[in-house]
Number of protein chains: 2
Amino acid sequence: MHKQDVTIYDVAREAKVSMATVSRVVNGNNNVRKSTRDRVQSVIKRLHYQPNSVAQGLASKRTTTVGLIIPDMTNMFFAELAQGINDIATIYRYSIILSSVSNELMKEEDTVQSLLNKQVDGMIYMSDRLSPAVHEVFDRTSTPVVLASTLDADGDLPSVAIDYRKAMKQALDLLYQDGKRDLAFVISDYNATINVARRIPVFENFIKEHHLGVPRIYRDVLTYDQGEKVFAQLQQEHVDGVIVSSDLAAAGIINAAKAAGVKIPEDFEVIAAGSTKISELVRPKLTCVRSPLYDIGAVAMRMLTKLMGDEDLTHRKVKLPFNLVKQETTLNQ
Amino acid sequence: MHKQDVTIYDVAREAKVSMATVSRVVNGNNNVRKSTRDRVQSVIKRLHYQPNSVAQGLASKRTTTVGLIIPDMTNMFFAELAQGINDIATIYRYSIILSSVSNELMKEEDTVQSLLNKQVDGMIYMSDRLSPAVHEVFDRTSTPVVLASTLDADGDLPSVAIDYRKAMKQALDLLYQDGKRDLAFVISDYNATINVARRIPVFENFIKEHHLGVPRIYRDVLTYDQGEKVFAQLQQEHVDGVIVSSDLAAAGIINAAKAAGVKIPEDFEVIAAGSTKISELVRPKLTCVRSPLYDIGAVAMRMLTKLMGDEDLTHRKVKLPFNLVKQETTLNQ
DNA sequence: TTGAAAGCGCTAACAG
DNA sequence: CTGTTAGCGCTTTCAA
C-alpha cells in the first residue's frame, strides 16, 4: 500500500495534457482553456487525485503553514487566543504547527528553529518572555513573526495586545476608590515583559504616589493551588486589595479567603488582570480585566497573512480595547 | 534575503565531501569516519546549516509530523489530552499540526484529507463523533490513526479511553445509594459515540432495572450558560440526582442551584462524567469521573509512534483506569 | 493556451 | 567508508 498512488503525472497522462497544465488547473491559474480545464478536473475527480503538499512546498517555497509558539495549551488564556488564530488561519487555508513550550524537553529557540526548518511561512509567538536567544533567531530570519498578547519592549516586532499600563492603572484606581489601602500584586512570572516593563512600574508608581508604603509583589503564583496557598501570606500582611495576573490563581485566592471566613468584597477585594471563562464561574464572580483574546489572536493572524503576502502593515503595534468588568469581588458601585 | 541560504550542497563543497556524506552526518548514520564526521560537523556549524525539512520529507517520504484533530481547543478537556500528546511527540521529535474542527469553516473530512495531503506520518483523532465520511477517509489511507478518548464502536481503529460503561454505572450507583430516585442525564452531543453506544444504554438500563420511570436525558448542554439554563428544567421535573457529561456545564448547574436556594448535596446531587480543573474550583467541589487525560494523550501518541515505525500493537483498544472522585456534590459517605 | 525542461533540497540505493 | 546517480512530486520559467 502506498502513501500516494496517484500523482500529477498520472492525471496529465489520463487527461492527455502536460503536468504544467494540471498544475495550472490545480492552482486555479486562469490561462487554461475551459474545455481543457473541465477535462483535467474530471480526471482529477475520477482518479481521486490529491496534490502532495510537501512537493508543492519544495517547488514553490511556500508551505501555507504557520507556526504557533504557545507557553501552555492547558491555560485557557492561550487556548482562546489560539482559537482566534485558528479560525482566521482556516479561512486563509493555512495549517497550524503547534509548539507548546511549557515542557522542558526542548529549548524555546530550538523549537523556533525547528519551525523555520519546516519552512513555515510565518509564526505567531505568544510566550510571555522573549528571551535574547529567541529574539536572535527572529532577527536572523526573513520569515515574518507576530506577537500575540505579548510585547517586544525594546525591539520592533509586530504585536497585538491591550494597553497593559492603562488596564493596571484602572484596576488600581478601582481598589483605591473602594477604600483599599493595603494593596498587593500577585503574578506568575516577574520577568514576563508585560509585567516587568508595564504592570510593575505602574504598580510601584501608584503605591508611591499614594504613599501606600512598600509595594508588595508576590511571584510565581500561576496555578489554582498556588493561589490558594498565597492567600495565607496576603492575610498575614493584612492585604485588603489584590490584583492577580491569572484568574485561575485568583480563583484559588477567593476560595481560600471564603474558607477563612473573610468577607469579599467588604474586607478583601480581588481583581484579575487577565481573564477567561473561569472568572464567570467562581463565586463571588471575579472582577477582571477582560482582554479580547479571540480578537487578539484573529488580528495577529490577519497581520501575519499580510506580512506573508509581502504587504506592508499600517500599524505594527496594535492595541485592542479591553474592559474592566466589575463583578462581585469589588464593591461595584 | 532568502529563506534558505545554505544547503547541503554548500556544506558538501566546503567540507570537500559528497552530499551523501553530509546527509549521513546530519542523520546520524554511523558509516562515516570520525575525522570526516568532525570536519563536516564543523562546516555545518560554521555555515549555520539547517536541513530543509520539506526537502527531507519529499525525498524520504517521512515528515516527522503528526496531525491532531480536536473538536475545540478552548475546552480544557481536550487541551489536557493535547498536552499529553504534545509531550510525547516532543520526545520523539515529532511536530504537531493542529486542526481544531469546532468552527464550521471546513468539513471534518476535508480537514483530515488536508492533513493527509501534508503527508503527516500519523494522526490522532479526538472528536467525539466519527462520521461515516471521516471514517471512509481513515479506511482509505495507510497512514496510521489513533483515537484518543473516543471510540470506534463498529470499526477497529486503535483507541485509548476509559471504560465508559463502568464509569457510568458507578456514578449511577452512587446517586442511587444516596437515596436519589429522580435521576437525569445531561449531555452535550447525543450522538457522540461514547454517549449513544456506551453511557446512554447503561443509563436507560439502570432506570429500567430500578423501576425509576422514564429515563430523562437532556441534550445539547455543553457550556456554562447552557448548564445554568437547564437547571430550571431539572427543578421543574423534580430531578434530585444528575449526571452531566461536561464539568463546565455542571458548574453552571451547581451555580444555578445555589442561586435557587437548593441544597447540594442534600436535595440535589451532581456528578460530572468528564472532568478538568474546573471540578476543583467550583463550590461545592464537584464529584466527578476523573479520566487520566494527560495519560490518555500520552499513551495514544506512544501507540502512534509504534504504528508509524511499522511495529505491531499488543493492544489496539487500550482502557486506562479512571477514578470516581467523591467530593461535595454528593453525600460522600 | 500549452508543453518541455530545469530545478526545489534532500535521501537512498548502488557501486566501489 | 564514500561518491554517483536517480529520483521524491510539484512549480515555474521559457518557448512555441
Side-chain angles (χ1 to χ4, degrees), chain A residues 2-41 43-44 47-65 114 116-121 142-143, chain B residues 2-41 43-44 47-65 114 116-121 142-143:
Chain A
H2 316 295
K3 270 249 166 95
Q4 175 136 13
D5 19 21
V6 26
T7 73
I8 200 173
Y9 179 75
D10 300 312
V11 177
R13 186 169 27 74
E14 289 287 312
K16 304 196 191 311
V17 293
S18 71
M19 291 161 55
T21 300
V22 180
S23 176
R24 288 186 187 103
V25 172
V26 168
N27 294 300
N29 186 319
N30 269 329
N31 294 341
V32 182
R33 197 195 302 148
K34 174 134 184 12
S35 63
T36 314
R37 173 187 308 282
D38 290 346
R39 184 154 40 91
V40 171
Q41 252 152 3
V43 172
I44 286 177
L47 264 42
H48 294 293
Y49 168 69
Q50 295 283 349
N52 179 326
S53 306
V54 176
Q56 289 181 315
L58 183 60
S60 69
K61 302 189 159 304
R62 293 191 66 245
T63 55
T64 57
T65 296
S114 139
L116 253 16
N117 295 350
K118 295 254 172 188
Q119 309 297 111
V120 295
D121 296 335
S142 61
T143 304
Chain B
H2 317 295
K3 270 251 166 95
Q4 175 137 14
D5 18 22
V6 25
T7 73
I8 200 173
Y9 179 76
D10 299 314
V11 177
R13 186 171 24 73
E14 289 287 313
K16 301 193 193 312
V17 294
S18 71
M19 288 161 58
T21 300
V22 179
S23 176
R24 288 186 188 102
V25 171
V26 168
N27 294 300
N29 186 319
N30 269 328
N31 294 340
V32 182
R33 199 195 302 147
K34 177 140 184 7
S35 63
T36 315
R37 172 187 308 283
D38 289 347
R39 184 154 40 90
V40 170
Q41 251 153 3
V43 173
I44 285 178
L47 263 42
H48 294 294
Y49 168 68
Q50 295 282 349
N52 179 328
S53 307
V54 176
Q56 289 180 315
L58 184 60
S60 69
K61 304 189 157 304
R62 294 191 65 246
T63 55
T64 56
T65 296
S114 140
L116 253 16
N117 295 350
K118 296 254 173 189
Q119 309 297 111
V120 294
D121 296 335
S142 61
T143 304

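Chain A is the first sequence line, chain B the second, and so forth, proteins listed ahead of strands; every chain is numbered from 1.
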Give a yes/no on whether any side-chain N or O of [X] is located under 4.0 angstrom from OP1 or OP2 of [N].
{"X": "B:S18", "N": "D:dG3", "result": "yes"}
{"X": "A:R33", "N": "C:dT2", "result": "yes"}
{"X": "B:N52", "N": "C:dC8", "result": "no"}
{"X": "B:T36", "N": "D:dC1", "result": "no"}
{"X": "B:K61", "N": "D:dG9", "result": "yes"}
{"X": "B:K16", "N": "D:dT2", "result": "no"}
{"X": "A:Y9", "N": "D:dG7", "result": "no"}

Give the rounded distance in Å between these two atoms: [atom1] of [X] and [atom2] of [N].
{"X": "B:N29", "N": "D:dT2", "atom1": "CG", "atom2": "P", "result": "11 Å"}
{"X": "B:K118", "N": "D:dG9", "atom1": "NZ", "atom2": "C1'", "result": "15 Å"}
{"X": "A:D5", "N": "D:dC8", "atom1": "CG", "atom2": "P", "result": "14 Å"}
{"X": "A:Q56", "N": "C:dG9", "atom1": "CD", "atom2": "C1'", "result": "17 Å"}
{"X": "A:Q119", "N": "C:dC8", "atom1": "CD", "atom2": "C1'", "result": "10 Å"}
{"X": "B:I8", "N": "C:dC8", "atom1": "CD1", "atom2": "C1'", "result": "13 Å"}
{"X": "B:N27", "N": "C:dG9", "atom1": "CG", "atom2": "P", "result": "17 Å"}
{"X": "A:R62", "N": "D:dC10", "atom1": "CZ", "atom2": "P", "result": "17 Å"}

Nucleotide of [options] approaching [X] most closely (side-chain heavy atoms):
{"X": "A:N31", "options": "C:dT1, D:dC10, C:dG9", "result": "C:dT1"}
{"X": "B:V32", "options": "D:dT2, C:dT2, C:dT11", "result": "D:dT2"}
{"X": "B:L58", "options": "C:dG9, C:dC10, D:dC10", "result": "C:dG9"}

Given 3.5 Å as the limit, does a donor-acceptor pair link the side chain of [X] with the main chain of [Y], or not?
{"X": "B:N29", "Y": "B:N31", "value": "yes"}
{"X": "A:T63", "Y": "A:G57", "value": "no"}
{"X": "A:D38", "Y": "A:S35", "value": "no"}
{"X": "B:S60", "Y": "B:Q56", "value": "yes"}

*Base, sugar-phosphate alone, or nothing: which one does B:T21 contact when heavy atoms must sit under 4.0 Å apart?*
sugar-phosphate
*Touch check for B:V17, heavy atoms < 4.0 angstrom, all strands: base, sugar-phosphate only, or nothing?*
sugar-phosphate
_Given DNA chain D, 5'-ward residue of the pair A:R24 and A:M19, judged by closest heavy atom_ = A:M19
*Relative to the 5' end of DNA chain D, which residue comes earlier, B:R39 or A:G57, by the nucleotide with the nearest heavy atom?*
B:R39
*Would you check if B:L47 and B:E14 make a side-chain contact, meaning some heavy-atom pair closer than 4.5 Å?*
yes
*asked:* Against A:V25, only a single residue in A:V11, A:V40, A:V17, A:T36 fulfils side chain to side chain contact (heavy atoms under 4.5 Å, CB included); can you say which?
replied: A:V40
